[in-house]
**Q** 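The structure follows.
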Amino acid sequence: MSLKRHFIDLYADTKSKPTDGMRQAIATAVVGDEQKDEDPTVLELCNRMAKLFGKEAAVLVPSGTMANQIALQVHCRPAEEVICDKTAHVVNFEGGGPASTAGVMTRLIEGKDGIFTADQLFEVLDRPESRYAPKPRLVWVEQTSNLGGGTVWPLETIQEVAAVARKHGLKLHMDGARLLNAVVASGVPAHEYAMPFDSVWVDFTKGLGCPMGAILTGSEEFIKEAWRVKQRMGGGMRQAGFIAAAALYALDHNVERLADDHANAKLLAIGLAKIPGVEVLWKDMATNIVLFDVAQTGFTAQEVVVAAKEEGVGLGAFGRTLMRAVTYINIPREDIISALEIVKVVLQQRPPKLTAEKAQTP
Ligand SMILES: *Cc1c(COP(=O)(O)O)cnc(C)c1O
């Protein structure tokens with residue numbers, strides 16, 4: 001029996017697709033030449049985001065990865081040190097960007113669920129200044145932490161970390177790909193989270209459901225330099241109002257509803273935890289990401305990905321037995337319930353490596 005209806009892709013919130021309303025907003029956008037500051041829709045979005053994050057200025061970039069890479073290049077000179085959690089997207093999923101685009105050293109902290117403490121930061125910074133050590137320059141916070149399981153950095157932790165960073169004369173950057181998830185989950189306004197940081201960006205292609213685009217914010221001076229780097233990297237665009245129109249639409253329609261994604265993720269976490277052998281790594285401050293471990297089922301994560309895909313559910317493998325599922329705008333509650341049934345059936349099958357034929361091969 002197949003439980004398959006339509007494909008339910010929980011691999012990532014990047015799989016989100018524009019709704020009809022967003023497509024309408026894109027189609028009717030007023031546009032101009034973005035590189036010349038002549039696109040009114042882009043300018044409107046930049047103004048709105050700068051205000052939302054309490055910063056002087058903003059710039060539109062095609063992707064979150066480019067926002068991170070620009071920030072590295074503006075804040076740091078080659079051989080300087082960026083301090084971040086070991087799970088950070090910038091060190092795990094950006095093609096080695098810190099080394100190639102900015103020539104920086106990354107110093108990794110072993111935080112908990114992607115979140116490190118002021119004490120841990122202090123420990124890293126507490127070394128005598130000498131000609132032998134690289135110069136620390138930038139402290140990096142990922143809100144929410146992706147590989148940490150969608151966890152929200154508490155405002156207090158951010159403020160404590162920022163105080164240590166400032167005391168050591170360091171800059172602060174927030175990779176806020178899912179910052180608005182943190183805002184909706186915690187009720188803390190975006191500008192409060194953003195306040196201690198020299199640069200903060202948000203991704204419109206995750207839970208906000210846009211086809212592309214991220215907004216990087218900071219001081220006038222930072223954004224002026226960011227523009228130069230963006231131009232150099234080939235990120236200058238032309239009629240980018242089509243991108244900005246989708247983002248403006250998302251700000252009006254898709255922010256509050258992130259709470260639904262969080263509720264769906266929790267439902268998914270509770271359901272997965274009931275499947276024998278599945279260990280759900282659910283955190284109190286989790287949002288729309290569910291990490292779970294299938295070691296006790298006898299399956300590897302990759303085997304579950306393949307088997308679930310066959311039955312109509314997309315999941316991610318993030319280690320030998322570590323898996324990830326993410327909720328977003330196009331995944332209604334019914335899909336979560338169907339996905340749970342499907343994953344349960346898949347995991348009740350015998351793991352392929354335990355079948356007789358496989359057991360005989362070395
Ligand atoms: C997705 C993501 C990025 C990169 O954004 P893209 O728009 O996919 O380039 C960076 N940081 C975090 C935490 C992310 O989740």
Side-chain angles (χ1 to χ4, degrees), residues 9-18 45 49 59-73 82 84-98 100-102 106 108-109 111 113-116 138-153 158 172-183 185 190 193-194 197 199-217 226 229-230 233-235 237 240 243-244 246-247 250 258 261-262 265 283 285-291 316 318 324-329:
D9 202 344
L10 302 176
Y11 172 80
D13 43 12
T14 52
K15 302 275 186 164
S16 57
K17 292 189 182 136
L45 176 65
M49 292 308 296
V59 60
L60 175 68
V61 285
S63 71
T65 300
M66 191 182 283
N68 275 343
Q69 297 305 317
I70 288 173
L72 285 173
Q73 291 170 75
V82 178
C84 61
D85 189 83
K86 69 175 194 304
T87 60
H89 190 283
V90 72
V91 292
N92 290 285
F93 299 121
E94 297 185 17
S100 77
T101 64
T106 46
L108 307 183
I109 297 181
D113 307 327
I115 297 167
F116 55 84
L138 182 63
V139 174
W140 193 277
V141 165
E142 190 174 298
Q143 178 75 303
T144 65
S145 165
N146 181 341
L147 266 190
T151 42
V152 177
W153 277 72
I158 285 179
L172 285 137
H173 172 76
M174 177 183 275
D175 171 343
R178 294 183 183 80
L179 172 56
L180 294 180
N181 289 82
V183 167
Y193 278 134
F197 295 90
S199 48
V200 180
W201 65 271
V202 69
D203 209 332
F204 285 96
T205 70
K206 304 273 162 83
L208 296 174
C210 297
M212 62 186 296
I215 286 277
L216 175 63
T217 70
V229 178
K230 158 171 142 149
M233 293 182 86
M237 294 173 277
I243 301 169
L258 291 171
D261 298 343
H262 302 165
K283 323 293 176 200
M285 285 306 275
T287 45
N288 69 326
I289 298 175
V290 182
L291 294 178
F318 282 77
R324 190 186 74 173
V326 188
T327 58
Y328 54 92
I329 185 164

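Just so you know, ligand 1 is whichever comes first in the structure, and atom 1 is the first atom listed for that ligand. Values below: all heavy atoms of this structure, side chains included; hydrogens, waters and symmetry mates excluded.
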**Q** With D85, which residues qualify under side-chain contact (heavy atoms from CB on, under 4.5 Å), at least two apart?
**A**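 T87, F116.
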**Q** Starting from the N and O atoms of ligand 1, collect every protein N/O partner closer than 3.5 Å and put each pair on its own line with the distance to 0.1 Å.
**A**
residue, atom, partner, partner atom, Å
ligand 1, 5 (O), D203, OD2, 2.9
ligand 1, 7 (O), G64, N, 2.8
ligand 1, 7 (O), D203, OD2, 2.6
ligand 1, 9 (O), G64, N, 3.3
ligand 1, 9 (O), T65, N, 2.8
ligand 1, 9 (O), T65, OG1, 2.6
ligand 1, 11 (N), D175, OD1, 3.3
ligand 1, 11 (N), D175, OD2, 2.6
ligand 1, 15 (O), N146, ND2, 3.1
ligand 1, 15 (O), R178, NH1, 2.8
ligand 1, 15 (O), K206, NZ, 2.8

**Q** Decide side chain to side chain contact (heavy atoms under 4.5 Å, CB included) for L208 and L258; before the verdict, give the C-alpha distance in whole Å, the side-chain angles of both, and the deciding distance to 0.1 Å.
**A** CA-CA 8 Å; L208 296 174; L258 291 171; 4.2 Å; yes
**Q** Have a look at W201 and tell me which of L179, D175, I215 forms a side-chain contact (heavy atoms from CB on, under 4.5 Å) with it.
**A**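 Going through the options one by one, the only one that passes is D175.
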**Q** Does any N or O in the side chain of E142 come within less than 3.5 Å of the main-chain N or O of A88, such that one atom is a donor and the other an acceptor?
**A**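 No.
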**Q** To the nearest 0.5 Å, what is the distance between CZ (R178) and CG (D13)?
**A**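 Rounded to the nearest 0.5 Å, the CZ-CG separation comes to 4.0 Å.
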**Q** In terms of relative ring orientation, are H173 and W140 parallel, tilted or perpendicular, with 30° and 60° separating the classes?
**A**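 Answer is tilted, since the angle falls between 30° and 60°.
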